[in-house]
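Please read the structure below before turning to the comments.
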Amino acid sequence: MYARAIITLAAAVMLTACYESTDVTVHKPGVYKGARDPLLAKQRAPEQQQTLRERFALVQPDR
Amino acid sequence: MCGFIKDKTPKAVARRKRIVLTSFAILLASVVLLPLGGYLYSGLSAQAAAEEQTNPRANYWRAVRQGNTGYTAVMGQETNTLIQNGGQNWRQWRNGPVANISPWFLALVLLSLGLLFLLRGTMKIEGTLSGRTVTRYNVAERVIHWYVAILFIILTITGLSLLFGRAVLIPILGYSGFSDWANFSILLHNYLGPFFTVGVVLAVIAWIKDNIPTATDWQWFKEGVGGILAKGKHPHAERFNAGEKVFVFWLGLIVLGAIVSITGFMLIGWIGEQMRATMQLVNVIHAVASIVWIGIICGHIYLGLATEGALQGMTRGQVSEEWAKQHHDLWYKQAKKG
Amino acid sequence: MKLIRKKAAEVSSSRSRFAGEAIDRRTFLRRSGLALGGAAVATTLPPLMMRKAQASMTAPKAGVDTKLVKSVCTHCAVGCGVYAEVQNGVWTGQEPAFDHPFSLGAHCAKGASVREHGHGERRLKYPTKLVGGKWQKVSWDEAINEIGDKMLEIRKTSGPDSVYWLGSAKFSNEQSYLFRKFYAMWGSNNGDHQARICHSTTVAGVANTWGYGAMTNSMNDMRHSKAIMIVGGNPTEAHPVSMQHMFYAKERGAKLIVVEPRFTRTAAHADHYVRIRPGTDVAITWGMLWHIFENGWEDKEFINQRVWGMDQIREEVAKWTPAEVEKVTGADEATVKEAARLMAENRPSTHVWCMGGTQHTIGNNNTRSYCVLQLALGNMGTSGGGTNIFRGHDNVQGATDMCVLSHSLPGYYGLSAGAWKHWSRVWDVDYDWVQSRFDQGSYEKSKGKPVKPMNTKGFPVSRWIDGVLEDKANIAQKDNLRAMVFWGHAPNSQTRGLEMKKAMEKLDLLVIIDPYPTASAVMHDRSDGVYLLPAATQFETYGSVTASNRNLQWRDKVIEPLFESLPDQTIMYKFAKKLGFAEQFTKHIKVNDDEPLIEDATREFNRGMWTIGYTGQSPERLKAHQKNWHTFNPNTLQAEGGPVDGEYYGLPWPCWGTPEMKHPGTPILYDTSKPVAKGGLNFRARFGVERNGESLLADGSYPVGNEIGDGHPEFSDKLLKELGWWDDLSADEQAAAEGRNWKTDLSGGIQRVAIKHGCAPFGNARARAVVWTFPDPVPIHREPLYTSRYDLVAKYPTYEDRKSHYRLPVRYASIQAKDYSKEYPLILTSGRLVEYEGGGDESRSNPWLAELQQEMFAEINPADANDHGIKDGQQIWVEGAEGARLKVMALVTRRVAKGVVWLPFHFAGHLQGEDRRAKYPSGADPFVLGEAANTALTYGYDSVTQMQESKCSLCKIERA
Amino acid sequence: MARMKFLCDAERCIECNACVTACKNEHEVPWGVNRRRVVVLNDGVPGEKSISVACMHCTDAPCAAVCPVDCFYTTDDGIVLHDKDLCIGCGYCFYACPFGAPQYPQQSAFGVRGKMDKCTFCAGGPTADNSDAEYAKYGRNRIAEGKLPLCAEMCSTKALLAGDGDLVADIYRQRVIRRGGRPQTWGWETAYQS
């Protein structure tokens, strides 16, 4: 009697294990989780972004 | 449903057992196979998409994506492979089925044991204790047991920390706290692993002669798994009962011991230089095998604790005659004779 | 799974050590950097016990002032710009030089690693001498004194010609100039440098075809090419940054054609690849020209106006039918025709060649045939066309122009009495004194008259070993060589390694002056009489350097010389003092603390090098160009606005007249579309005005603005007077120009007036397709001495042996008389790797580069590998046709054709299977050692320049 | 905000290894560790192509997904960085990475490795920008200085492009149009899922 109950319960529990997220992205891109990196704040500044764009033009010149 | 269960004719009981067993098997198979369907699907659709392309260069790059190797001046492991795809598969296996199912498995084991305890309670020694004891484990055997046991527990804790710590321990310990612990864990795990294997080998040598399967063992299983499930039954058992033989010795020490040890050695680089593809497979096998083993050992520990008088065998080396008669009657007779 | 790489410790067994002498702060910094650099290499501590990663002392520090220094890469002749970041005298960073007109910020592996020079991990650290087989530290003064005494003794007993001064293409122009002056004042023509074994056949062949022996256009100018043909060159590995310009052209439709025995990395990017048998360059060129003539693709107007002798070429080319070409080169008709068609239909097309074409017994024939092809196509003197001859070392062009050679004085003045008198005037020393420095005997005759050693060519570097080993009776000087000075030269770049070992052992004195010990320190078994003197690198001094495209670039000093090393000019001065001619040596050059002032040296050669227009590039102008990199347009190399508006970058020579004349430099040689004053030019009138009754002067072709309006001879005082232009000279100029010509007028007046009237000072003539002064006036194919096709020898035999050329007998037919191809069935050839340069001592001592090429190897075709039971990665023996054996790793690849074995030539330190690492002075052994390819390469020298034949010999292979 | 990407133009890459040594130079990466490498396919035969490869800074970075201590983080502009103070040297990121980017400087007999090292897109790590500590652990932080990765900046033929993905794609598209071919944005599919 108990055996049956246990088996049924176990089956039910194991069924839930069948659930798998379709997206296995465990890490969330863009969400910062570690130690503080001051670069992150710096990169948000539009001037910094502009500097990097200008730098790119320097690296890949059409001159 | 209820009526169905109430039907107690032997035929009906047998049929119900069959149904339960079959559905259990299907369930198990589905757990393992269903997630694979996704890969099959994506694999096929990728192939179909690839065939649609007409650019001849596409073939070239497809070959690259499939891990074709080339030349590189940089020396080292597989530096000549531009792209390896195994990593994604390994990631999905490890973060998918392994990480998702194994906690449930362990939870299930613990839950089952908990339920069993609720239902069955401690398995008491029947009758009154005479105070007479028989020697069950000599000093060497006990040393081996506890050596293996302690290492097993350490490896379990450290191993599970590495597998589940990110989800479970980081919220508790924080990033750097957990990192320190994980750093310690991996060091401990890698260094103690080989010592554990030595213990496993010693244990096998110590107990193999008492673990040769005999006809009695079949009977033991037939009688309600040695009476664990059915109260009051005590089927015949030798020094080790069939459960111990099958789960603890053969499946545990021999099969899982070998798998976990060999894969462990591969992971710490003791068995040649392995390719990443091998390491990915080995890593998954190591994890799955270890978790199965942990499950078994949980049961082993439970029974050792929940069976009154069993623990003394491993602590003092002596068990009461009553305990011996009750649980290992054939061995007891043998021991008395010898 | 081992996730780490082969450790440095496994590659190189000995680590750097230093002797315990007093050190200052800078030295301490340098040395701490050293020690940490060593310790930073893999250890086996677990992470918990691992010390925190430490930045080495050469790493940039936060919050310390950073100085930005502009320099030029020292690894090849492309001349890429380098931005060095220096903190407290330590080279801490390297930035891309985006504003540099050639490289636009780019570098190859070598250029991207030049900061390692600031660590100097495996450099020579102090003067050392070999005593009883052990290296012993000595002071500079001791070393100079001991070496000087020995030399003076040799001079007394054997004459000045018994000391050989082997200079370097690593010298700056100023150092090259001083070095050439140095051994002139020592009294010998026995001096030379790498150009002999790299492009000497080019310089001779090309200069004799149209006037100047240099790259005619520029790397950047290839952007305008519609087709680029590379023969015997592998720029992706040897000149990677030049590929940037080629890709620029290619992406705009230019066709890239590669003619090579080996399917190189360059060939992989080609539109059309032609595989040839090594040593058949003339055959393939004539094969292409056959199709050009056959289809009437030649530029008839150009030939009529500007070329002499094409008819004789036609006769020779007619013999090269497609069938014959296929028989000799292995390239079939369709392939050859396609190459010719691509070159003809996509004009302007340019021709690039390198060592694959030059290093042959018929090297001068090869280079002339390339010139003829370009003349036939009318590709000369035009943007996008030309012969773009890529040179190897960073200043090999400059060192050649300064004539650190055994056959000429700076500016290719030659060795005639007139040349010596010209340079004596420039140096402001007495000609008689100069003459007295030389051996006064006579060992050779010219036109029946005895000539003095002062006026005869010295030994070429390719054959200095014969100068030591050859019977004294056979050499045209008083005695054999007894002392050898390797001043920035790796011996493993020369062939016949085993004989070189013998020669080194026979010498009385061996002096090596170099930042690295080089193989010279270890390839012999001497126990005494060897000195190692640490020279500073070019980043530790400054001066000008001439890139392949004739542009002079100014380098600034990045750091002070490391350890006890000294700049070359300082070492030269110290030796001049010891040897007794310091006063004459630096008569007009300021000397600070034994260091001659570089700028004064520049000014001095400005005063003398009229022939090739090294006169306008004053230090001030060059420095201004360096400051204004960003103002030059990379498509034209012309400054647009800014302080040097209109000038071409680096004042590419000829930069006529005095610096005050402000000539902008000549970006493209022989380009008549521009006035001479703006960088235009025409072919040089160098070979007289007529030949066999035919005029050699140009016919109806002249640079824009030429007032003569036709061909004309070179300018002299007489021509000016005839033309009525004499009065355009100032009174001072007239005084200086009287009795002189454009080459010897130290005032520059003749050049100024000629240019004022739109004329090139050197006249306006035709290019000569036939060089009647050479052994083969019309370039013809001759089989190599060690040929794999002995059946072709009857039809294409080599030269007869010669009794004396460059003071030595030269063997040709006597070697070819024997068929070696049975015993040695495989062709042996060699080439470059991108990570290493030259003899490789410098780059193999740079851990960033050394890690990438850790083993000497031989490329062999799978078919040959299977025939010999060799698998990829196995050790094999490669035995050269003269018996030298190399133990190397087999690299089985289809890159080489069946029957061809290819070796990279940068390795050294192993000799016939023996690792000689222990012989290096402690701490100065390069990280990577290996067999030197040239040990196995054989005899064979060009008929004009004595260039060694290192691109075509024979070998056999077997499993080791 | 810009999405930083690498792209190697295989039609231009000539395996000169400038990127490899530039990286060594800029960050003083020790012997045996190579944050970048060049792989040549079909070496020595027609069809030979070379590709420079390093950490591609993937959108859904597999390394970050499998890291047991979660030491990776992605900046807003898509640069995947890691915290060496957290790293335990387990090697999982190397198993997971499609490009073989993670490197380990040390290894002991028991399979314990040193802190993982990889290309940072020249953006250092989680310490004060351009500090000595940052240099020691991660190398130079060029991004903070307003510069781009040195490997791409120094590329001999400008084959290696690094920077704002849109600008990179623009330059590359122009080249492809000139060449008259189809774009082969090598590795982008794997790294950026685009």
Side-chain angles (χ1 to χ4, degrees), chain B residues 53 55 57-58 60-61 63-65 67-88 90-92 94-95 161-166 170 175-176 178-187 190-191 193-194 264-265 267-270 276-277 279-280 283, chain D residues 10-11 15 17 20 32-34 36-44 47-51 53 56 60 62-63 65-71 83 85-100 103-104 107-113 181-187 189-191:
Chain B
Q53 296 198 356
N55 189 344
R57 281 191 194 134
Y60 189 93
W61 296 117
V64 172
R65 282 194 294 274
N68 278 17
T69 56
Y71 160 86
T72 179
V74 168
M75 299 186 78
Q77 177 86 36
E78 289 177 80
T79 47
N80 60 352
T81 307
L82 208 47
I83 288 195
Q84 61 120 1
N85 285 324
Q88 279 291 44
W90 172 71
R91 166 198 175 172
Q92 302 209 348
R94 183 182 176 276
N95 288 7
S161 294
L162 293 174
L163 187 56
F164 301 119
R166 174 165 167 172
I170 288 181
Y175 282 97
S176 57
F178 174 65
S179 166
D180 289 345
W181 166 242
N183 218 333
F184 182 65
S185 292
I186 194 169
L187 207 62
N190 288 9
Y191 276 74
F265 285 145
L267 287 167
I268 62 173
W270 281 21
R276 274 173 293 184
M279 295 298 270
Q280 289 151 3
N283 179 277
Chain D
E11 301 294 312
E15 207 246 343
N17 281 325
V20 180
V33 175
N34 287 285
R36 180 169 278 287
R37 66 187 194 279
V38 183
V39 180
V40 185
L41 301 152
N42 296 343
D43 189 35
E48 178 183 293
K49 288 266 181 308
S50 46
I51 297 284
V53 63
M56 290 289 278
D60 174 19
C63 52
V66 299
C67 179
V69 292
D70 203 6
C71 78
D83 187 339
D85 291 339
L86 299 183
C87 173
I88 58 170
C90 65
Y92 288 0
C93 45
F94 182 69
Y95 305 159
C97 177
F99 305 103
Q103 305 278 304
Y104 303 87
Q107 180 157 16
S108 74
F110 284 82
V112 179
R113 304 174 185 94
R182 266 179 67 164
Q184 291 295 334
T185 46
W186 178 84
E189 224 171 290
T190 307

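Bear in mind that the values here come from a model prediction, so they are computed numbers and not experimental data.
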Heavy-atom pair with the smallest gap, counting every atom of [X] and [Y]:
X         : Y         : answer
Cys87(D)  : Ser179(B) : N-OG, 4.4 Å
Arg166(B) : Cys67(D)  : NH1-O, 2.7 Å
Asn17(D)  : Ala73(B)  : ND2-CB, 3.6 Å

Gap separating the [atom1] atom of [X] from the [atom2] atom of [Y], nearest 0.5 angstrom:
X         : Y        : atom1 : atom2 : value
Phe94(D)  : Gln77(B) : CZ    : CD    : 5.0 Å
Leu82(B)  : Lys49(D) : CG    : NZ    : 13.0 Å
Ser176(B) : Asp85(D) : OG    : CG    : 9.0 Å
Phe178(B) : Ile88(D) : CZ    : CD1   : 7.0 Å

Backbone of Thr79(B) reached by a side-chain donor or acceptor of Arg37(D) within 3.5 Å: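 Flag set: sc Arg37(D) to bb Thr79(B) pair under 3.5 Å.
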Heavy-atom donor-acceptor pair, Gln84(B) side chain to Tyr95(D) backbone, under 3.5 Å: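 Yes, the answer is positive, given that a donor and an acceptor are paired below the 3.5 Å cut-off.
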Counting only heavy atoms closer than 4.5 Å, note whether [X] contacts chain D via side chain, backbone, both or neither.
X         : value
Ser185(B) : neither
Asn283(B) : side chain
Ser161(B) : neither
Ile170(B) : side chain

Test side chain to side chain contact (heavy atoms under 4.5 Å, CB included) applied to Asp83(D) and Tyr175(B), step by step: CA-CA 10 Å; Asp83(D) 187 339; Tyr175(B) 282 97; over 6 Å; no
Region of Val20(D) in contact with chain B, defined by heavy-atom distances below 4.5 Å: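 Contact with chain B involves the side chain of Val20(D) alone.
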Steps toward side chain to side chain contact (heavy atoms under 4.5 Å, CB included) verdict (Tyr71(B), Val39(D)): CA-CA 6 Å; Tyr71(B) 160 86; Val39(D) 180; over 6 Å; no
Stepwise side chain to side chain contact (heavy atoms under 4.5 Å, CB included) check, Arg91(B) with Asp60(D): CA-CA 12 Å; Arg91(B) 166 198 175 172; Asp60(D) 174 19; 2.8 Å; yes
